[in-house]
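Beneath this line is the structure, given in structure tokens, with notes to follow.
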Amino acid sequence: MSLSDSVARATLNLYSALKFRPASSTQYTILSSLTLVDHAGTIKPISLATGSKCLPASHLSANGDAVHDSHAEVLARRGAIRWLMEEICRCTRQASEWIEPKESGKWGLKASVSLHMYISTLPCGDASMRTLAAAPQDPAMAALKSTSPLPVPEENAAARGRDNYSLLGVLRTKPGRADSPPTLSMSCSDKIARWCVLGIQGALATHILDAVYVDELILGDVGPDSEESVREDCERAFWKRIDRPALQSDSLPRPFALHTPKISFTRLDFLHGRAQQERDSPSSSCNESICWIADSSSRYEVLIHGLRRGVGDKQRLKPHLRPLVSKLALFGLHQQTLTHLSLLQIPPGTTYHEMKQAATAYQAAKLILHAPHHPFTGWVVSGEKWENFTVDGVVSSKTNL
């Protein structure tokens with residue numbers, strides 16, 4: 001069995017062991033994981049998630065307690081960030097097989113360890129546009145598109161979902177369906193492309209971690225006759241559209257650089273994938289997501305509308321009831337990790353946005369990526385309004401809004 005199939009198999013076996021089932025037998029979902037592999041071929045999934053919808057722009061949380069984007073790839077990445085910070089804390093008691101201190105004074109993956117991302121189908125956005133264009137159209141959606149004018153986005157601006165899906169290499173927002181409320185979340189293709197430059201760890205964890213890059217993307221639900229064209233689409237979506245002189249390693253602040261993960265495919269079927277569910281009858285997407293994080297005391301969480309299932313409005317800000325992958329929960333873990341390592345102390349009242357902005361090298365690299373006349377100039381930013389909270393979940397009165 002190839003390494004890509006072995007990683008996919010480990011993910012699928014883990015998902016089966018969790019015994020999660022969509023609420024209806026006709027519902028499908030998308031599965032994603034991030035997995036470490038060492039030089040001996042030992043495989044360790046560190047995060048796993050299934051996907052559901054994003055919160056509409058009108059329903060975002062100012063406290064950081066709700067997950068805005070619940071697509072599987074995004075949740076798996078946030079789970080991996082949590083595992084990495086928790087593993088750093090565990091290293092003060094016992095050496096890790098996977099991470100180590102670096103010359104920069106931060107932590108990172110060992111040189112002998114690679115990072116693999118599995119996705120059960122093509123990511124939304126640019127990587128899947130040509131495949132969608134060739135697929136049979138949903139009659140209701142085709143009628144909606146045929147009666148609704150679709151403005152061509154200005155140069156480097158983001159297109160809405162699947163609008164103008166014949167345009168390749170452009171930024172796209174979620175969701176794909178034209179009849180869904182708009183969001184401020186970029187497509188997974190766009191986010192993966194940005195991770196190829198900035199790493200998966202994000203701005204906040206950059207205070208603790210060197211850039212962490214995906215070495216291989218393993219995609220399911222791609223027929224053998226389509227592999228070469230899909231590979232071409234993925235390479236364009238994830239790095240070729242941003243491979244410009246401004247992003248060469250000598251232009252980006254260290255340790256950032258443009259990385260080009262290997263694109264692999266697996267024929268292993270995901271039990272609750274759309275293709276499997278629609279073999280017998282029409283299906284609909286599951287509105288729940290699961291988040292699993294390795295070495296966690298929690299078995300897994302089920303999220304719905306960005307919150308833990310069963311948690312009401314009066315309980316949602318209680319620390320033990322927040323989603324472990326929410327901005328607020330990761331902010332708290334970030335502060336605990338800094339304290340654990342006797343590093344930078346966060347002054348009282350510091351906001352999540354301020355801590356992200358304090359990651360100066362990360363922000364400088366992001367500015368280059370989003371520079372004028374660059375393909376990512378039109379990146380939709382939710383802004384400080386949704387990051388202006390303290391580690392206690394209190395919306396700060398100091399603001400530059």
Side-chain angles (χ1 to χ4, degrees), residues 34-39 44 46-47 77-117 191-216 239 242-243 245-261 293-295 327 330-347 350 352-371 391:
L34 280 156
T35 297
L36 301 178
V37 180
D38 69 8
H39 62 91
K44 182 180 177 65
I46 60 172
S47 65
R77 175 247 183 180
R78 298 183 74 83
I81 294 171
R82 185 169 191 96
W83 181 87
L84 286 163
M85 287 197 285
E86 290 179 342
E87 183 74 352
I88 291 170
C89 292
R90 288 189 286 266
C91 283
T92 60
R93 303 187 301 271
Q94 182 178 357
S96 172
E97 298 177 35
W98 308 98
I99 64 172
E100 62 185 3
K102 298 295 183 178
E103 291 182 1
S104 63
K106 300 178 183 181
W107 290 75
L109 297 180
K110 290 184 175 182
S112 59
V113 172
S114 55
L115 179 61
H116 305 255
M117 185 173 206
K191 291 188 175 186
I192 291 170
R194 201 162 79 160
W195 300 340
C196 286
V197 176
L198 301 178
I200 67 159
Q201 77 293 326
L204 194 69
T206 302
H207 292 289
I208 303 166
L209 284 159
D210 272 346
V212 178
Y213 293 104
V214 174
D215 296 295
E216 182 183 31
W239 68 80
I242 55 175
D243 187 7
L247 285 176
Q248 300 307 312
S249 57
D250 58 348
S251 302
L252 289 165
R254 296 183 65 185
F256 301 102
L258 176 60
H259 281 245
T260 57
I293 301 165
D295 308 310
K327 292 178 180 178
L330 290 176
F331 192 18
L333 176 60
H334 175 260
Q335 185 176 40
Q336 294 169 24
T337 308
L338 288 174
T339 301
H340 209 77
L341 298 174
S342 301
L343 294 175
L344 173 72
Q345 296 299 305
I346 303 178
T350 300
Y352 179 85
H353 181 78
E354 289 170 336
M355 282 304 298
K356 285 179 64 176
Q357 294 303 308
T360 53
Y362 182 97
Q363 296 299 338
K366 189 170 76 170
L367 281 175
I368 294 172
L369 186 61
H370 294 185
V391 74

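- Across all non-hydrogen atoms, the minimal contact from Ala80 to Leu34 is CB-CD1, 3.6 Å.
- Counted within 6.0 Å of CD on Gln363, heavy atoms from surrounding residues, nucleotides or ligands total more than 12; the atom is thus considered enclosed.
- Annotation: side chain of Val214 is not in contact with side chain of His259 (no heavy-atom distance under 4.5 Å).
- Residues Gln201 and Asp210 approach most closely at OE1-O, 4.0 Å, considering heavy atoms.
- For Tyr362 against Gly202, the heavy-atom pair with the smallest separation is CE1-C, 3.6 Å.
- Separating the CG atom in Leu252 from the CG atom in Leu369 is a distance of 8.5 Å, to the nearest 0.5 Å.
- Within the 4.5 Å cutoff, the side chain of Lys191 has no heavy atoms near those of the Arg194 side chain.
- For Glu100 and Lys102, the salt-bridge test passes: some basic side-chain N is under 4.0 Å from an acidic carboxylate O.
- Rounded to the nearest 0.5 angstrom, Trp83 CH2 and Arg90 CZ are separated by 6.5 Å.
- Judged by distance alone, the side chains of Asp38 and Trp98 never bring a donor and an acceptor atom under 3.5 Å apart.
- His207 contributes a side-chain N or O that, together with a main-chain N or O of Met355, makes up a donor-acceptor pair within less than 3.5 Å.
- Rounded to the nearest 0.5 Å, atoms CD1 (Ile46) and CG (Asp295) are 9.5 Å apart.
- Residues Leu330 and His334 form no side-chain contact, since every pair of their non-hydrogen atoms from C-beta on lies 4.5 Å or further apart.
- Counting only heavy atoms from C-beta outward, the side chains of Trp107 and Thr337 never approach each other to under 4.5 Å.
- Although no hydrogens or angles enter the test, the distance criterion places a donor-acceptor pair under 3.5 Å between the side chain of Tyr213 and the main chain of Val197.
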Would you please test Thr260 and Asp243 for side chain to side chain contact (heavy atoms under 4.5 Å, CB included) and show each step?
-> CA-CA 10 Å; Thr260 57; Asp243 187 7; over 6 Å; no

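- The heavy-atom pair separating Val391 from Phe331 by the smallest distance is N-CE2, 3.5 Å.
- Panel note: side chain Asp215, backbone His116; no donor-acceptor pair is recorded below 3.5 Å.
- Heavy atoms only, all atoms of each residue included: Ala361 and Arg254 are closest at CB-O, 4.1 Å.
- Residues Leu333 and Ile81 have side chains not in contact (no heavy-atom distance under 4.5 Å, counting atoms from C-beta outward).
- For the atom pair Gln336 CD and Ile88 CD1, the distance stands at 13.0 Å (nearest 0.5 Å).
- A distance of 9.0 Å separates SG in Cys91 from CG in Leu341, rounded to the nearest 0.5 Å.
- Rounding to the nearest 0.5 angstrom, the gap separating the CD1 atom in Ile99 from the CE atom in Met85 is 11.5 Å.
- Two residues are said to be in side-chain contact when any heavy atoms from C-beta on lie closer than 4.5 Å; Thr206 and Lys106 meet this criterion.
- At least one side-chain heavy atom of Ile368 sits less than 4.5 Å from a side-chain heavy atom of Pro253.
- Trp195 has its side chain within reach of Met117: a pair of non-hydrogen atoms, C-beta onward, lies under 4.5 Å apart.
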